[in-house]
Amino acid sequence: MLNIFCNCGSCGIELYDEKPKLSLFCGCEDCRQATEWGAKNGAKPSSPFAEAIYMRSDIAFVKGRENMKAVQLRKNAKSTRVYCKDCHSILGIDHPNYCNNVFMFFKNYCETNFKLPDKVAAAIYLDDLPPSATHLIPNDIPLLYSFPRDREKFRSIASVRNSFKKPDQPPKGITFLDLIKSMDKIEVLELEKGRQL
Ligand SMILES: [Zn+2]
Ligand SMILES: [Zn+2]
């Protein structure tokens, strides 16, 4: 059964481990731009403060790989996002810091069939958040404003340390990065950094 799938049902992935490892609110302008670009192309409307959920990067089955596309916001971007070509749901994101141990998806920008985390570990990149969204900042979790300034505070969170590290054991299936590499190309959008779409 698919664990993460797109809104129109044409693609998705099944995971070996469906227990989320970490959840963060991310205020960064790249997350915002990526969800805005999806919304502009037909996905659900974007929110300024996405909840990023991190899963073990170990894929048991891929449905509709031909309906997926790998996208980067700019040339030499670190994050690569996989969208559905049709509905522009975001199925997942890879970043080198994830060490091929986890991958990330955004709550509400794809469909899921497992229990999402009750508690968000921290809110990050708050310096990037537009003034109109600052009322969304929670008051009961660690607040991190920018990197590298808050890196130590970030690494002091156990679920962060346990996610952003080399895998303890090899994957049983393919990783999210393997999925990206299996696509014929990465589409580079060349969006101006931080620009609202
Ligand atoms: Zn779709
Ligand atoms: Zn972000």
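Numbers here are sequence positions counted from 1.
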- Query: Which is it for Phe61 and Leu2 under the side-chain contact (heavy atoms from CB on, under 4.5 Å) test, yes or no, and what are the steps along the way?
  - Reply: CA-CA 8 Å; Phe61 175 72; Leu2 295 175; 4.1 Å; yes

- Task: Check the pair Lys21 / Asp17 against side-chain contact (heavy atoms from CB on, under 4.5 Å), numbers first and verdict last.
- Result: CA-CA 10 Å; Lys21 304 291 168 225; Asp17 183 350; 2.7 Å; yes

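Salt bridge Glu187/Lys69: present, at least one basic N to carboxylate O contact under 4.0 Å. Ion pairing of Lys75 with Glu190 is absent here, as no side-chain N (NZ or NE/NH1/NH2) approaches a carboxylate O to less than 4.0 Å.
Side-chain atoms of Phe164 and Val102, non-hydrogen and from C-beta on, do get closer than 4.5 Å to each other. Within the 4.5 Å cutoff, no side-chain heavy atoms of Met104 are placed close to those of Ile53. Side-chain contact between Leu179 and Val62: present, with at least one pair of heavy atoms (C-beta onward) separated by less than 4.5 Å. Residues Ile90 and Cys110 have side chains not in contact (no heavy-atom distance under 4.5 Å, counting atoms from C-beta outward). For the pair Thr112 and Lys107, the minimum side-chain heavy-atom distance is 4.5 Å or more. Within the 4.5 Å cutoff, no side-chain heavy atoms of Tyr83 are placed close to those of Asn67. Ile59 is listed as a side-chain neighbour of Phe176, based on a closest heavy-atom distance under 4.5 Å. For the pair Pro171/Ser57, no side-chain contact is recorded, criterion being any heavy-atom separation below 4.5 Å from C-beta on.
Inspection of the Gln72 and Thr80 side chains reveals an N or O donor paired with an N or O acceptor under 3.5 Å. Side-chain contact annotation: Asn108 with Glu51, donor-acceptor N/O pair under 3.5 Å absent. With 3.5 Å as the limit, one finds a donor-acceptor pair spanning the side chains of Arg65 and Ser182. Using modelled atom types, one finds no donor on one side chain facing an acceptor on the other under 3.5 Å when comparing Glu14 with Asn3. At a cut-off of 3.5 Å, with distance as the only test, no side-chain donor of Lys44 or His88 sits close to an acceptor on the other residue. For Ser159 and Asn162, the side-chain atoms include no donor-acceptor pair closer than 3.5 Å.
Linking ILVMFWY side-chain heavy atoms closer than 4.5 Å, directly or via other members, places Ile4 and Leu22 in two distinct hydrophobic clusters. When hydrophobic clusters are built by joining Ile, Leu, Val, Met, Phe, Trp and Tyr residues whose side-chain heavy atoms come closer than 4.5 Å, directly or via intermediates, Met183 is not grouped with Leu177. Phe154 and Val120 fall into different hydrophobic clusters, where Ile, Leu, Val, Met, Phe, Trp and Tyr side chains are chained together by heavy-atom contacts under 4.5 Å. Ile186 and Val82 fall within the same hydrophobic cluster, where Ile, Leu, Val, Met, Phe, Trp and Tyr residues are linked whenever their side-chain heavy atoms come under 4.5 Å apart, directly or through other members. Hydrophobic cluster membership is shared by Leu91 and Ile174, with clusters built from Ile, Leu, Val, Met, Phe, Trp and Tyr side chains linked at under 4.5 angstrom.
Side-chain atoms of Gln33 come within 3.5 Å of backbone N or O of Glu192 as a donor-acceptor pair. The backbone N or O of Val160 lies less than 3.5 Å from no partner atom in the side chain of Arg155, so there is not a single donor-acceptor pair. A donor-acceptor pair under 3.5 Å is absent between the side-chain atoms of Glu18 and the main chain of Phe114, judged by distance alone. At distances below 3.5 Å, at least one donor-acceptor pair connects side-chain atoms of Asp150 with backbone N or O atoms of Tyr145.
Between Leu129 and Pro48, the shortest heavy-atom distance links the atoms CD1-O, 3.5 Å. Across all non-hydrogen atoms, the minimal contact from Leu116 to Phe105 is CD2-CZ, 4.0 Å. For Ser10 against Cys6, the heavy-atom pair with the smallest separation is N-SG, 3.3 Å. The shortest heavy-atom contact between Lys63 and Met68 is O-CE, 3.5 Å. Between Cys8 and Asp86, the shortest heavy-atom distance links the atoms SG-CB, 3.9 Å. Considering all non-hydrogen atoms of both residues, Pro167 and Arg56 come closest at CB-NH1, 3.7 Å.
The CD1 atom of Ile124 sits 5.0 Å away from atom CG of Leu24, with the distance rounded to the nearest 0.5 Å. In this structure, CZ on Arg81 lies 9.0 Å from OG1 on Thr35, to the nearest 0.5 angstrom. The NZ atom of Lys85 lies 9.5 Å from the SG atom of Cys11; values are rounded to the nearest 0.5 Å. Atom OG of Ser89 is separated from atom CZ of Phe5 by 10.0 Å, given to the nearest 0.5 angstrom. The SG atom of Cys87 lies 5.0 Å from the CG atom of Asn7; values are rounded to the nearest 0.5 Å. Put simply, CD on Glu36 and OG on Ser46 are 5.0 Å apart, with the number rounded to the nearest 0.5 Å.
For the pair Lys172 and Tyr16, the cation-pi criterion (under 6.0 Å, within 45° of the ring axis) is fulfilled.
When each of Arg74, Lys78, His95 is checked for a side chain to side chain donor-acceptor pair (under 3.5 Å) with Asp30, only Arg74 meets the rule. Only one option out of Asn100, Asp94, Asn101, Asp58 pairs with Thr175 in a side chain to side chain donor-acceptor pair (under 3.5 Å); it is Asn100.
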Under 3.5 Å donor-acceptor pairs involving side-chain atoms of residues 131-141, not counting sequence neighbours:
| unit_1 | atom_1 | unit_2 | atom_2 | d |
| --- | --- | --- | --- | --- |
| Thr134 | OG1 | Pro131 | O | 2.9 |
| His135 | ND1 | Ser132 | O | 3.2 |

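Residues Tyr98 and Tyr54 bring their aromatic ring centres within 6.0 Å.
Using cut-offs of 30° and 60° on the angle between ring planes, the pair Phe147 and Tyr125 is tilted.
At most 12 non-hydrogen atoms from other residues, nucleotides or ligands lie less than 6.0 angstrom from NZ of Lys181. Around the NZ atom of Lys193, the shell of radius 6.0 Å holds more than 12 heavy atoms that belong to other residues, nucleotides or ligands.
In this structure, the ring pair (Phe, Tyr, Trp, His ring centres under 6.0 Å) partners of Phe106, at least two apart in sequence or on a different chain, are Tyr109.
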